[in-house]
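Atoms within a ligand are numbered from 1 in the order they appear, just like the ligands themselves.
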Amino acid sequence: MFFRRKTFYVCSVCGFDRLQGPLYKNGIPNVSLICRCCGFQPGYDDTELGYTYEAYRNEWIQNGAEWFREEEKPERWDLDIQLENINVFQ
Ligand SMILES: [Zn+2]
């Protein structure tokens, strides 16, 4: 039996490393992708609303770093460890 190996991507905003695809591919936003952790939607939050990754991240953290899909939040989740995925240290 064969299993297809799944590739995950890292969110540039929050460091969540289980994205189903890249936020951008060849410069084109993957608008169907919303980060389950920080809720960032490429092509909307940045292009439409004018957020940089950093600005979105800072606001998200200031608002309590709540999961967009709270039910998918792992039991032992650590924001600081996740942010290390994108070399952000608070
Ligand atoms: Zn994210």
Against the six-membered ring of Phe8, is Arg18 placed for a cation-pi contact (under 6.0 Å from the centre, within 45° of the normal)? yes
A side-chain contact here means heavy atoms from C-beta on lying under 4.5 Å apart; do Tyr51 and Glu59 qualify? yes
Classify the side-chain pair Trp77/Gln82 by whether it contains a donor and acceptor separated by less than 3.5 Å. yes
Would you say the side chain of Tyr56 lies within less than 4.5 Å of the side chain of Ser12, judging by non-hydrogen atoms? no
Give me the number of protein N, O or S atoms whose distance to the Zn ion (ligand 1) is under 2.8 Å. 4
Side-chain touch Asp46/Tyr24, heavy atoms, less than 4.5 angstrom: yes
Output for pair (Tyr9 OH, Lys25 NZ), nearest 0.5 Å, gives 6.5 Å
